[in-house]
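Data first, discussion second: the structure below is written as C-alpha cells.
Order of the sequence lines fixes the chain letters, A, B, ..., with proteins taken first and strands second; residue numbering starts at 1 for each chain. Note that this is a predicted model, so its numbers are computed, not measured.
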Amino acid sequence: MDWEVVIGLEVHAQLNTATKIFCGCSTAFGAEPNSHTCPVCLAMPGALPVLNAAAVDKAIALGLAIGAQLNRKSIFARKNYFYPDLPKGYQISQYELPVVGQGQLMVQMADGTEKVIGVTRAHLEEDAGKSLHEAFVGQSGIDLNRAGTPLLEIVSEPDMRSSAEAVAYLKKLHALVRYLEICDGNMQEGSFRCDANVSLRRPGAPFGTRAEIKNLNSFRFLEKAIEYEILRQKDILESGGSIVQETRLYDANRDETRSMRSKEEANDYRYFPDPDLLPLVLDEARIEKVRQGLPELPDAKRARFMDQYQLSAYDAGVLTASRDLADYFEVVADGVEGKLAANWVMGDLLGALNKAGIEIQECPVPADKLRLLVQRIEDKTISGKIAKDIFEEIFHQGGEVDAIIDSRGLRQITDVTAIAVMVDAIISANPQQVAGYRAGKDKLLGFFVGQVMKASQGKANPDQVNALLLERLQKPD
Amino acid sequence: MDLHHLSLRQLREGLHNKDFSALELTETLLQRIRALNPQLNAFITVTEAAALESATQADARLAKGEAGALLGLPMAHKDIFCTADLPTTCGSKMLENFVAPYSATVVERLAAAGMVMLGKLNMDEFAMGSSNETSYFGPVRNPWNVDMVPGGSSGGSAAAVAAGLVPVATGTDTGGSIRQPAALCGITGIKPTYGRVSRYGMIAFASSLDQGGPMARSAEDCALLLDAMAAHDPRDSTSHPAAASDFLRGLDRPLQGLRVGVPEEFFGEGLDPEVAAAVQSGIDQLAKQGASIQSIRLPNNPHAVSTYYVLAPAEASSNLSRFDGVRYTHRSQAVENLDDLYRKSRYEGFGAEVRRRILVGTYVLSAGYYDAYYLKAQQVRSLIREDFRRAFAEVDVIVGPTTPSPAFGLGAKNADPISMYLADIYTIAVNLAGIPALSLPCGFTRSGLPIGMQLMGDYFADDLLLNVAHRYQQETDWHLARPTLQAGEA
Amino acid sequence: MAFDQDAVRRTAHLARMALPQEEVPAVAGQLEKIMTMVEALRAIPTEGVMPMAHPLDLEQALRPDQIANADQRQRLMASAPAAEHGLFLVPKVIE
C-alpha cells in the first residue's frame with residue numbers, strides 16, 4: 001500500500017538589519033561574546049523594547065513578494081519559557097495576529113512542472129542567544145550577541161508531498177529573501193534555518209500525526225531528514241504502531257532524526273499580548289514605499305530572460321536562481337548573444353565556481369571581463385577554445401583579456417596564406433589519411449582540422465581551416 | 001530655620017537668596033535621615049557621597065546664575081528606578097547585590113534638572129503590597145504612628161516625605177501604590193495618566209498598569225516634580241507623544257463651575273466611618289469653593305479588584321521571568337543543574353507575596369484557563385473604562401476616599417492576602433482605565449492618623465487634578481500638619 | 001473551584017519555583033482564596049465586549065535602524081553571579 005508524505009516547513013530568516021529588532025545593538029556576526037548587548041537585549045530590570053522600522057519594512061517586502069495579505073494591525077505577544085539563551089524568560093513574537101497573512105510561492109520542479117505552495121503566515125520575532133558548551137567543564141557559556149536579532153518566521157501550508165518539493169520550496173524561498181535583500185541567506189551561520197513538519201497518510205485520508213524536525217541547516221539535510229523520517233514513520237505505521245507528535249533533531253553525522261523529549265515536557269508557552277509594545281499598524285504609505293523599492297522578483301525575471309535573451313525555461317531558471325547570478329549574467333549578456341552568454345555563465349563560470357567552492361559574489365572574474373572575453377570570440381579575435389584557456393587563467397591568476405591575448409600571441413590566425421601553408425603541410429604529412437578521406441571516409445575531416453589547429457596552437461580560425469581543407473582535399477594530386 | 005519642612009518653592013527661594021547652599025541643605029537632610037531613618041526604615045540605600053557631589057555641582061550651577069526650577073533641590077527615588085552604578089534592589093533579595101548599569105529615564109531627567117538624589121527608598125518587594133511589609137529590607141513605619149504601616153508599595157517614599165527626610169520623592173502606582181501610602185502618611189501624590197511618565201528603567205510589575213509619579217507635601221510640589229518627570233520617551237513604546245505638559249500654569253484656576261462627581265460605589269460597605277466623614281467634609285469644602293457636586297455611578301468598579309488580580313499577576317509572572325539567576329540576580333548556592341538554578345534561585349530570591357502573585361499569574365495564563373480568566377478580565381477592564389468615559393461626559397473630576405480605612409497596624413493583614421488586596425479597592429480601577437488620580441490629605445482620625453481624599457480625572461486631566469488639589473490646599477491646612485518624630489526612638 | 005496541590009505543583013513548575021512540599025498545602029489554600037475572588041468575573045456578562053489590552057489607543061512607534069549602543073560588556077556583566085571570558089556561566093545546558 002502507498003503512503004503519501006505531507007510536509008510543511010517553518011523557516012526562520014534572520015532579517016539583515018543593522019540593529020536588533022528591539023534595541024540599537026549591532027547584529028553583526030562573529031563579535032566578541034556579549035559585546036553586542038545592552039540593557040534591553042540582556043533583559044536588565046526596567047529595560048523596554050522599541051520596534052525597529054527596518055524589520056517591519058523587510059517583513060512587508062516579503063509579504064508583497066508572495067502576494068500575501070498584509071495585516072494592517074498586528075500584535076506582538078510573549079511566548080513564555082525558561083532557557084539560558086532567552087534572557088527575558090519570554091520571546092517576543094507574534095501569535096494571533098501576524099504581520100503577514102496568507103500568501104503563496106510558485107516552485108519549479110526539475111521535470112519542468114510547477115506547483116503552488118501556500119504560505120500560511122509570516123511573523124516577526126526575536127532570535128535567542130547561544131549556549132556554548134565546549135570551553136567549560138560541566139558548564140555552558142551564554143553569549144547573547146544574537147539575542148534580539150530580528151527573525152521573520154515564514155510558515156508554509158502542509159502542501160508539499162515529497163522531499164524534492166520541500167527542497168524546491170526552500171530553495172525558492174531562499175532565493176526570494178536574497179532577491180529582496182532582507183536576509184543574507186547564510187545557512188551555515190544560521191541566518192536561514194528550517195524546521196520541517198512531516199507526516200504520512202493514505203492518499204485522501206486526513207492528515208496523520210506529524211513530527212517536527214529541527215536543525216535543518218542545508219538543503220541536503222532537509223532532503224535527507226525527510227527521507228529518513230518517511231522511512232521511520234512508515235516502519236512504525238506498517239508494524240501497527242502510531243506516530244508520537246514530538247520534536248525531533250536531525251543528526252547529520254548519523255543521518256537520522258532523534259527525539260528531543262527533554263524540550264517537550266510541559267510545553268505551555270502562556271502566550272499573551274506584550275504590554276510593553278503597542279499594536280503594529282501598517283499604513284498604505286509605508287506599504288507603498290516598500291512596494292516601490294521592490295526589485296524584479298525571480299518569476300518575473302525568469303520570464304523576461306526567456307523573452308529577452310531567447311533562453312529556454314531551464315536556462316532562465318538556472319540563471320535567475322539567485323539575484324547575484326542573474327545580475328552577473330545580465331552584465332555578460334549586455335552586448336553579446338544571449339545564448340552564448342548563458343552557455344558561458346552556466347558552463348565555464350558556474351563550473352569553475354563550483355570546483356573552487358565559492359559563491360558568485362566572490363567570483364574572481366568580474367562580469368564585464370567575461371563579457372569582453374565572449375566579445376573576443378564573437379569578433380573572431382580568438383577562438384572559443386583559446387577563450388576557455390584565457391578564462392581559466394584569469395579565474396586563477398587574474399589579468400586582462402586583451403593583454404593576455406596580445407602578450408601570448410593568441411590572436412586568431414585569419415591570414416589565408418598562413419593557414420594554407422599549414423593545411424598543405426598537414427596534407428603532405430598524412431598521405432594515408434588523405435587517401436582514406438578521398439575514398440569516402442568523411443569523418444577524417446575532423447582529424448585534419450584537429451591537426452591544423454594543433455599546428456597553429458589553436459589560433460587558426462576554425463571556419464577558414466575547414467573551408468581550406470575541404471577545398472584542398474577534393475583536388476586530385 | 002527648619003529646612004526639612006519647607007516646600008520646593010520655599011527651598012528654591014532659600015537657595016536663590018543664599019540663605020543656605022544646596023550643600024548645606026543636603027547635609028541637613030542627610031543628618032535628619034541618619035537620625036530618623038533607623039526608626040522609619042524609609043531608605044534602603046542612602047547615597048551620601050553621590051548626594052554631596054551633586055549638591056556641590058548644583059551650587060556651582062547656581063553660582064553661575066542658572067535658574068532651573070529644581071536645581072539644587074533634594075529628593076529620593078523609590079528603589080524601583082534604576083540608578084546607574086548604584087544599588088537598585090526593588091525591595092527584593094533577588095536584587096540585593098545588583099548595581100544597575102544604567103539609569104531610568106526619570107532618574108536621568110531629574111538629575112539633568114539638577115536635583116540632588118539622597119538615596120533609594122524602601123518599597124514592597126517588586127511593588128507588590130499595600131503595607132510595605134513585603135520588602136526584603138524590612139517594613140517601613142508610618143511617621144504618624146510607628147506601630148502602623150505607611151501603606152505601599154511606595155511606603156518608603158510616603159514615609160520619607162511625611163517625615164521631612166526629603167521634600168519630594170518618586171513613587172510608582174500599579175493599583176494604588178502612590179495614592180494609598182500618600183493617604184496613609186498624610187501627603188499628596190499623583191498617579192499620572194498612563195503614558196505621561198517614562199517607564200524606561202522603572203522595574204516593571206504590570207506593564208499596562210504601572211506609572212511613575214511624584215509624592216510631595218503639596219499639590220504644587222507634585223506639579224513641580226511632575227513637570228520634570230513627564231515627557232515623551234522614545235525608549236518606552238508606551239510613552240505618549242503628548243506626555244509633556246505645563247503642570248504649573250493652571251494651578252491657580254478657581255474652582256467655580258467645576259463639576260464634581262461622587263460615585264455611590266465608593267461609599268458603600270467596608271468604608272471606615274471616620275474616613276467617610278473626612279472625605280465628605282473635603283467634598284463640602286470643594287462645594288464651598290464653587291464646585292457643583294453630583295452623585296454618579298461606576299457600576300463596574302466593584303469588579304476592579306478581581307480584574308486586577310488576574311491581569312496584574314499575569315503580566316508580573318512574565319515580567320519577573322528575567323529574574324532567573326543567570327545574568328545579575330541572586331543565584332542559589334545549592335545548584336546541581338540548570339533546572340535547580342532556576343527553581344532554587346527564584347524560590348530563594350522572591351518573597352512569599354511575589355511568589356504567590358507569580359503563581360496566580362502563571363496559572364491564569366496557562367493552557368485551558370486563558371480565555372476564562374485573562375481574556376475575561378480584559379473584557380471587564382473595557383467595561384470599567386467605559387464607566388469612566390460615561391462619567392467624564394458629565395463631570396470634570398470624580399472624588400472619593402483613597403482608602404477604605406486609615407493606616408492599619410503592622411502585621412494586621414499579613415495572615416490573609418485578600419484583606420490586604422482590599423486596601424486598594426478604591427484605587428485599582430484608575431490603573432485599569434489608565435486615567436490620572438491624586439490623593440491629598442483631607443483630615444485625621446481621632447487617633448491622629450491622616451485620611452486621604454482621591455481625585456480622579458479623565459485622560460490627560462492631570463493638570464486639572466493638580467489645580468483642584470492646589471486650590472483646596474490654599475483654603476485648608478490638612479497638608480501642613482507634620483508628624484512629631486524624635487531621633488533615637490526605635 | 002478547587003485549587004489543589006497538584007495545580008500548585010504544576011504551576012510552580014511552569015514558573016520554575018522550587019516550592020518545598022511542606023509549603024504546598026498553605027499556598028494551595030491561599031491561591032484557592034484568590035481564585036475564588038477572581039471567579040466572580042465569570043458572572044459578568046461580557047458578550048461582544050472588546051478585550052482591553054492597554055490603556056493607550058496608540059500605535060507602536062518605530063525606531064530607525066541605527067546602531068545606538070557601544071560595547072559596554074564589562075559594565076553590563078558587573079553583577080553577573082558567574083561569568084568567564086565574557087560569557088555568563090550556567091550549569092551545563094543539555095539539549
Check whether [X] gets within reach of chain B through its side chain, its backbone, both or neither, counting any heavy atom under 4.5 Å.
X       : answer
C/Leu58 : side chain
C/Leu76 : both
C/Val27 : side chain
C/Leu62 : neither

Locate the shortest heavy-atom distance separating [X] from [Y]; write the atom from each residue and the value.
X        : Y        : answer
B/Leu359 : C/Ala15  : CD2-CB, 4.3 Å
C/Ala18  : B/Lys344 : CB-N, 4.0 Å
B/Ser237 : C/Gln60  : OG-NE2, 2.9 Å
B/Arg346 : C/Met17  : O-SD, 3.9 Å
B/Arg331 : C/Ala82  : NH1-CB, 3.5 Å
C/His54  : B/Ser208 : CD2-CB, 4.1 Å

Within the structure provided, determine whether [X] and [Y] are in side-chain contact (heavy-atom separation under 4.5 Å).
X        : Y        : answer
B/Tyr363 : C/Met35  : yes
B/Tyr373 : C/Val38  : yes
C/Leu56  : B/His240 : yes
B/Tyr374 : C/Pro51  : no
C/Met77  : B/Tyr328 : no

How about [X]: does its [atom1] atom have over 12 heavy atoms from other parts shown lying under 6.0 Å from it?
X        : atom1 : result
B/Glu336 : CD    : no
C/Lys33  : NZ    : no
B/Gln333 : CD    : no

Roughly how far, to the nearest 0.5 Å, is the [atom2] atom of [Y] from the [atom1] atom of [X]?
X        : Y        : atom1 : atom2 : value
C/Glu23  : B/Arg355 : CD    : CZ    : 5.0 Å
B/Tyr342 : C/His13  : OH    : NE2   : 12.0 Å
B/Leu341 : C/Leu89  : CG    : CG    : 11.0 Å
B/Asp416 : C/Gln30  : CG    : CD    : 9.0 Å
B/Arg357 : C/Ile34  : CZ    : CD1   : 8.0 Å

Who among [options] has the most heavy-atom pairs with chain C under 4.5 Å?
options                      : value
B/Phe350, B/Tyr102, B/Phe98  : B/Phe98
B/Thr238, B/Thr193, B/Leu375 : B/Thr238
B/Glu348, B/His303, B/Glu386 : B/His303

Chain C contact via [X] - side chain, backbone, both or neither, heavy atoms under 4.5 Å:
X        : result
B/Ile418 : side chain
B/Ala377 : both
B/Arg385 : side chain
B/Asp324 : neither
B/Leu432 : backbone
B/Val335 : side chain
B/Pro417 : side chain

Heavy-atom donor-acceptor pair, B/Thr362 side chain to C/Thr11 backbone, under 3.5 Å: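 Flag not set: sc B/Thr362 to bb C/Thr11 has no pair under 3.5 Å.
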By side chain to side chain contact (heavy atoms under 4.5 Å, CB included), C/Val49 pairs with (sequence neighbours left out) B/Gln379, B/Ser382, B/Leu383, C/Thr46
Salt bridge (Lys or Arg N to Asp or Glu O under 4.0 Å) pairs touching residues 371-382 of chain B, sequence neighbours excluded, are none
In terms of heavy-atom pairs under 4.5 Å with chain B, the winner among C/Ile44, C/Leu19, C/Val8, C/Val90 is C/Ile44
**Q.** Among the listed options C/Ala78, C/Ala12, C/Pro91, the residue most often paired with chain B at heavy-atom distances under 4.5 Å
**A.**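 Between C/Ala78, C/Ala12, C/Pro91, the count favours C/Pro91.
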- Message: Regarding C/Asp57 and B/Arg389, does a basic nitrogen lie under 4.0 Å from an acidic carboxylate oxygen?
- Response: yes
Contacts of B/Arg235 meeting side chain to side chain donor-acceptor pair (under 3.5 Å) (sequence neighbours excluded), chain-then-number -> B/Thr105, B/Glu108
| said: Heavy atom to heavy atom, less than 4.5 Å: which residues from residues 304-315 of chain B reach chain C? | reply: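 When heavy atoms of chain C are the reference, residues 304-315 of chain B contributes B/Val305, B/Ser306, B/Thr307, B/Tyr309, B/Val310 within the under-4.5 Å range.
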Check your understanding: So B/Ser366 and C/Leu14, side-chain contact (heavy atoms from CB on, under 4.5 Å) or not? Walk me through it.
Key -> CA-CA 9 Å; B/Ser366 64; C/Leu14 277 179; 4.0 Å; yes
